[in-house]
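Notes follow once the structure below has been shown.
Below, chains carry the letters A, B, ... as their sequence lines are ordered, and counting in each starts from 1.
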2 protein chains.
Amino acid sequence: MTMNAAGGRRRPPTIHDVAREAGVSRGTVSRVLNGGHYVSPAAQEAVNAAIRRTGYVVNRHARSLITGRSDSIGFLLTEPQERFFEDPNFNVLLRGCTQALAAHDIPLLLMLAGTEDERRRITRYITAGHVDGVLLVSSHSGDPVAERLREAGVPLVACGKPIGLASKVSYVAADDRDGARDMVRHLLSLGRRRVGTVTGPLDTPGGVERLAGYGEVLAEAGLEFDERLVVSGDYSRASGEAGAEHLLARAPDVDAVFVASDLMAQGVLTALHRAGRRVPEDVAVGGFDDSPAAVAARPELTTIRQPWDRISSEMVRVLLAQIGGEDPAAVILPTELVKREST
Amino acid sequence: MTMNAAGGRRRPPTIHDVAREAGVSRGTVSRVLNGGHYVSPAAQEAVNAAIRRTGYVVNRHARSLITGRSDSIGFLLTEPQERFFEDPNFNVLLRGCTQALAAHDIPLLLMLAGTEDERRRITRYITAGHVDGVLLVSSHSGDPVAERLREAGVPLVACGKPIGLASKVSYVAADDRDGARDMVRHLLSLGRRRVGTVTGPLDTPGGVERLAGYGEVLAEAGLEFDERLVVSGDYSRASGEAGAEHLLARAPDVDAVFVASDLMAQGVLTALHRAGRRVPEDVAVGGFDDSPAAVAARPELTTIRQPWDRISSEMVRVLLAQIGGEDPAAVILPTELVKREST
DNA sequence: CGATCAGTTGGGAACGTGCACACACAGCAA
DNA sequence: TTGCTGTGTGTGCACGTTCCCAACTGATCG
């Protein structure tokens, strides 16, 4: 009467069952599971056979309870959710991190915390020790979540240098300033002299650094810095469109635009098209990221390639090292100019 | 000497600490935590105050160990990963499910299983009981993961009717056939008579049903079914582009195309543009999904809106009900024609 | 020959929680 | 009084694992 009905979910085998099946003790099975040190070849073989026969899988909850580790990593996004889904960069980054962690057999927990309410819930969830570390893919200055996690001592790696935080936080970033310099030099090399820019949000490192690179190259070329050529955006397609309209209104003679993200560049293209400007004949457009948006755009975007695959694998490497007890570290990776149709 | 260094992670408070702080027993604290039945107002207040003071958060590993529940849900995608990141539909669905589950304070575990190797790992992970249920967002026929999970008795809700599976599996789907009918009728109402189609993969319910709706309406309008007007795709942008080229080669007089996804429709637009056909003047193009890709396209796509927000909330509702012991259920939701520039 | 040591094994304790149970107490009916 | 019901409270046990310590082997060393 108390037996499980056929087809129902029967009690999964425990380490105890395996030990009995193999004729050894729990301790020996546990040792086999965790590296196999101090176990005789005979016992090792018997245990492995028993595991195969019983179909045993370790109960991670029980293990986590005693080790204090969860063997999982969180992928935390504190942006409004639209940003995540609109911006292909996040997708690429997520895929890269998933793959890098798969090599360690560690599942990735995707956490979206767009509202303050969700941020509180997520913070509680994380500080409860349900993930061993966090990959933070948004880094506005003054982000309360990052600060709270840092205070709680949660291992943390940011994508892009966090601005407002104390120095003791790891991050991995592309060389934004250098990439911006490459692009603006490229635009100048095409003979353009009225080079405008649509910046990223200026409370993010990417926004600040790319603008700085733009300014540097113009200065080095002996061109005056004309603030009518500078408008700011928030990385969204819509802000690129609005930015380009501003630009055209304030500086109608603009002949090139360096846009701080591909997605915004799509918006810029839309606005230019509507204004009757041809790309690249009348206005050359350079993007940033080399995201899928770059090849989806018409014309296809010349852009600065961020090495997303390396960024994600480095983030994972640094985070795992930090969980293992190492000190925080910062990694800067080089970018690359990719020429397409828009310049 | 054994004290924690300042700034380090100190031992988190347990239910024991809270009980001592509040002057009650563990059991009372546990009762407050789980609903507060059979607890006096005085004790309730004392416990809540103690929780606030100690900063206690429940240890989910310990709870899961005894309850056998993980209080988390898996979002499982067995497609090759590129599909997930290219296709905006998945993003919208993911967001909807995340939000719906947030209302229940349940975190969502995103699992990508593109390769057979990963599928094995993920299956093991799931059947080990580390999620309470699975939202399955891919449903090719013969998907081995779905079958394995069903056999293991894991609560499961698919997005779209699974073709090859036994009937006892829940699913939520839009009314694909009816949506396709609406679109084709719309194209005919514009006076088009050579209406082609680029189908979805024909081992998925969406692919099959949308094609069926297309055929039905043509037949009802007294138009002959011309197989030169039918090409199949796989929902990717690239397959839409290739499909349109096929279509133009085999039926140059085509004056409208019903494309089974917005993403493929983007590819169709690209191919038509390259072939010098104007949209919608020469060829009207209708998509399916009303995903972000529809408004990103140039011209913006007329399409069939899938109610993604309702689909995701229904998937969550049905899954939670099933975890609670209810029987599997199927839900079909209506679609809506959205007119834009491409027709 | 006793002592030491590296390798190997078994079993007790603990991790933090939920649950079943025992129990206390008040109110009320027999 | 005795019994009974419903509410509120404390305690032992179990969940499945890892960690730690003790014990047992041979082999080597002083």
Send over the distance from Asn59(A) CG to dT18(D) P, rounded to a whole Å. 10 Å
Indicate every side-chain donor-acceptor pair of residues 315-327 of chain B with a distance under 3.5 Å to a residue at least two apart or in another chain.
{"residue": "Arg317(B)", "atom": "NE", "partner": "Glu314(B)", "partner atom": "OE1", "Å": "3.4"}
{"residue": "Arg317(B)", "atom": "NE", "partner": "Glu314(B)", "partner atom": "OE2", "Å": "3.4"}
{"residue": "Arg317(B)", "atom": "NH2", "partner": "Glu314(B)", "partner atom": "OE1", "Å": "2.9"}
{"residue": "Gln322(B)", "atom": "OE1", "partner": "Ser170(B)", "partner atom": "OG", "Å": "2.8"}

Nearest listed nucleotide, side chain of Arg63(B), among dT9(C), dG18(C), dT9(D): dG18(C)
List in numerical order all residues of residues 16-23 of chain B for which some heavy atom is under 4.0 Å away from an atom belonging to DNA chain C. none
Given atom CD of Glu45(A) and atom P of dT8(C), what is their separation to the nearest angstrom? 16 Å
OP1, OP2 of dT17(D) versus side-chain N and O of Tyr56(A): anything below 4.0 Å? yes
Closest-nucleotide ordering on DNA chain C, the 5'-leading residue of Ala43(A) and Leu65(A): Ala43(A)
Separation of dT17(C) C1' from Arg69(B) CZ (nearest whole Å): 16 Å
Those residues that, when tested against Arg310(B), pass side chain to side chain donor-acceptor pair (under 3.5 Å) (two or more places apart): none
For the pair His61(B) and His61(A), name the ring-plane relationship: parallel under 30°, tilted 30 to 60°, perpendicular over 60°. tilted
Looking at Tyr38(B), does any N or O in its side chain come under 4.0 Å of the phosphate oxygens OP1/OP2 on dT7(D)? yes
Do Arg148(A) and Glu151(A) sit within salt-bridge range, that is, some charged N less than 4.0 Å from a carboxylate O? no
In chain order, what residues pass the salt bridge (charged side-chain N to carboxylate O under 4.0 Å, His left out) check against Arg63(B), with sequence neighbours excluded? none
Please name the residue in the list Val331(A), Leu136(A), Leu156(A), Ile332(A) that meets the side chain to side chain contact (heavy atoms under 4.5 Å, CB included) test with Tyr171(A). Ile332(A)
End axis versus end axis in the helix from dC1(C)-dG30(D) to dA30(C)-dT1(D), the angle rounded to 10°, five pairs used at each terminus: 60°
Could you identify which residues of residues 24-35 of chain B place a heavy atom less than 4.0 Å from some atom of DNA chain C, listed by residue number, or say none? Arg26(B), Ser30(B), Asn34(B)
